[in-house]
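Here is the structure we will look at, set down as C-alpha cells.
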Amino acid sequence: MRFERRDHPSRGLTLLAPLGAILAALLGAGVLIAIAGANPLEAYGLILKGALGSRLGFSEMLTRATPLILTGLAAAVAFRARLWNIGGEGQFYMGALAVAAFGMIPAIAGLPAPLAILLCLIAGAVAGMVLLLLPLGLRLKFGVDEVVTTLLLNFVAVLFVSLMIEGAMKDPLAFGWPQSVPVPDSAVLPKLMERTRLHAGLVIAVVMAVAVWWIQSRTVFGMRARAAGLNPRAASFAGVPLGRTLIVVACLSGGMAGLAGAIEVMGVKGYVSTDLSPSYGYSGIIIAMLANLNPLGVIAAALFSAVMFVGADSMSRALGIPSYIADVTVALSLLTMLVAIFLTQYRIRK
Amino acid sequence: MSTLLDILSSIGMWEAVLRIATPLIFGTLGVLLCERVGVLNLGIEGIMTFGAMVGWLTVYSGGDLWTGMLAAAAAGALFGLLHAMMTVPLGLSQHVTGLGITLFASSLSYYIFRLAVPTASSPPTVTPFKPLPIPGLSEIPFVGPVLFSQTPPTYLALALVALLAFGLYRTPLGLALRMTGENPHAADAQGLDPIGLRIGAIMAGSALMAMGGAFLTLAAFNSFFPTMIQGRGWICVALVVFASWRPQRALLGALLFAFFDAFQLRLQTVVDGVPYQLFLMLPYLLSILALILMARRARVPQALMQPYRRGER
C-alpha cells in the first residue's frame, strides 16, 4: 500500500472532510459512551436537545461559541503562516486581565458606554498581542522555537492573573474569593437576548471572522502571510519581509485571543478569576484545524464545539456520563480531521 | 543569608531534588528518543497525564505498584503508536498531531477517572512506593540519604539514562536510530527501515513519558487529579533542547531544574512579602531561559520534523 499525491484535491472532498472527521470522532466517542453503559444515540440526542432544544440552551451554546470563534481565529491566523501559537490560553487571560485593570481607572469607568467598551476591547487585544510578541521576538532574535515558549507562557500568564487578583486587583467585596474588581457598568457588553447570558460579543466575533477572511484572501499582507507559511525560503527570496510579516500575524493572532478574554469578562463573567477559561485557548487550536484554517469555517467549527460542550452538561445530568465526553469528542475530531485532510490530498494505491 | 545556607545544607532539600527530577528524567528521555529519530512528540503532556491516571487506577483497583508502572508504560506505547502512525507513514504535521494527542489523552484520562470514581469529592489515595535504602551505600553521611534512599522508580530512571546513553552511542541499533533522525534517506540506502525505526522509537519514548506520569501518582503523590502534570511535559521538551539531545546532559538538565524547583519551594516558606505566584512562575521562566541559552548552540537532529516517504524528497 502506498500513497500518491492528488494533483488537484477536489473542492467537494475538502468540504466533506470536516463532516467525515466529526462523524468518525462521534463514532469513537460513542464506543466510550457505550462502555460507560449508556446508549450513544440517546446521549447524542440529549446533547443536541440540551444545546439546541430550548431558548436557554441555544443562548448558552452561542455564548459558549463566542470566545471559541475568537481563539479559533487566533490559531487559524497563526498556523496559516506557520507561526505555532499554542499560547492562546495565556493570551486569553492577559486580555481578560487587561480589561479588568483598565476598568479600575476612574477616567475610563466614567466614559460613555460605547467609548469605554471600545477602549477596553483594544486594551484586551493589545495585552494578548504583547504575550505573543515576546515569544516571537525570542524566535526572531535567538532562534527559540515558539511552540514550547508559548506553551510555557500559558502557565506564567495564569499565575500572573492569580498574583494580580489576590493582590493589587483583588475585589474586597468578594468574601475573600480570589477574583478581580468587577468591570464598570459602562464597559459591560449589551445583551442580545433578554434573560439570557448571550451578549454583543457574538457579533464582534463574527465580524472579526469576516474581517480576518477578507484580510487573508484579499490583501497583500494576507498573501505574504500565506507564502511565509507555505515556503519561508521561497517567500523571502520573492521579497516577502518574513520578520515583519510574522510580527503582523502575531499581532492579529494574539489580538484575537486577547479579545476573546476581554469579551468573556465584559459580556459574561464581569470579573476575572483563574477559572475564567475552560481551556478556550486550547480548544481554539482544534477549532482552527476543523475549519481547515479557514476563518469563516472557524464559525461553524466553534458552533460544533459549543454544541458538544453545552449539550454534554445537560446530557451528563440525565445519563450520568461524565461531561468530559465532550472534550474527548472534540479532541478526537482534531485527530480524525488531520487524517481526513490527508485523504483529500492523497490517493491510496495498492 | 544564613537561612539560604540552612536550606542548601539540608538533607531534605537535596533528597527532594532527585524526587522532583525523576518524572522529568523519564519525560526528557522519552522526548529525546522520539526526536533522535526525527519526530517531535508534543503528545507528552497528555501521555504523562494518561500514564498518571492509568498507573493510579491500576493500583487503586488492586494491582501492585509495578503493575501500575507497567500498565502506564503500555498505555503510553499505545498513544505513541497512534502518534507514530499519523506522523510517520502518513507524514502529518507533527505539531498538530502531538497537540491533538495531548488534548485527546488528557480528556480521556479525566473521563475514565470520573467513570471510575464518579462522586468522590477528594481524590482517593493509594499506598505509594516507599523509599528503598540501598544497604551500605545509604549509610554514607549526606550522600547516602540524598542518593541512595530514593524510591525504586528513581533508580530505574537513573539506570535508563545510562542505558540510553550506552544504547544510542555504543550499539548498532543506536547508530541506526541516530541515522534515521539525521538522514532517513541514507539510512534507507544502508538497508535500514527508517519507518519501522521511527515507529518503534516513538512507542518506546511515549512509554517512558507515561512512566514519568505514573511516578507522580505512585511515588511523588498518592492520588490522581486533573491538571496534575502542570506543564511538566512541556518543560521536558525544553530540557531536551537544553540537553542538546544527549542523555547525560538531559539528566544534568533535569537535576538542575529540580534543584531550582526544590530550592524555590523552600525559599517560599522563609522569604516574606514575595507573592508565592512569583516562585511558582520560576520553573517555566527558567525553561524559557534554558531555551534562549541553548537555541543556537544545540545540535538539532537534522531530519527533525521532516516526514520521510520513500522515493519522495
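Scope of the values below: all heavy atoms of this structure, side chains included, with no hydrogens, waters or symmetry mates. Sequence lines set the chain letters: A, B, ... in the order given, protein chains first and strands last, and positions in each chain run from 1.
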Toward chain B, the part of A:Leu138 with a non-hydrogen atom under 4.5 Å: side chain
Return the minimal non-hydrogen interatomic distance between A:Phe3 and B:Leu90, and the atom names on each side. CZ-CD2, 3.4 Å
Heavy-atom closest pair (B:Val96 atom, A:Met289 atom, distance to 0.1 Å) is CG1-CG, 3.6 Å
Side chains of A:Glu166 and B:Gln277: does their closest heavy-atom pair fall under 4.5 Å? yes
Give the C-alpha distance, both sets of side-chain angles, the deciding distance and a yes or no for side-chain contact (heavy atoms from CB on, under 4.5 Å) between B:Leu92 and A:Val339. CA-CA 8 Å; B:Leu92 299 172; A:Val339 177; 4.3 Å; yes
With ring centroids as reference points, do B:Tyr110 and A:Tyr324 lie under 6.0 angstrom apart? yes
At a heavy-atom distance under 4.5 Å, which candidate from A:Leu334, A:Ile286, A:Leu159, A:Thr329 has the highest pair count against chain B? A:Leu159
Highest number of heavy-atom pairs under 4.5 Å with chain A: which of B:Leu99, B:Leu40, B:Val237? B:Leu99
Point-to-point distance, once rounded to the nearest 0.5 Å, from CG of A:Leu32 to CG of B:Leu108: 6.0 Å
Report the distance from atom NZ of A:Lys141 to atom CD1 of B:Ile292, rounding to the nearest 0.5 Å. 11.5 Å
How long is the straight-line distance from CG of A:Asn154 back to OH of B:Tyr284, given to the nearest 0.5 Å? 10.5 Å
Among A:Leu152, A:Leu153, A:Val148, which has the most heavy-atom pairs under 4.5 Å with chain B? A:Leu152
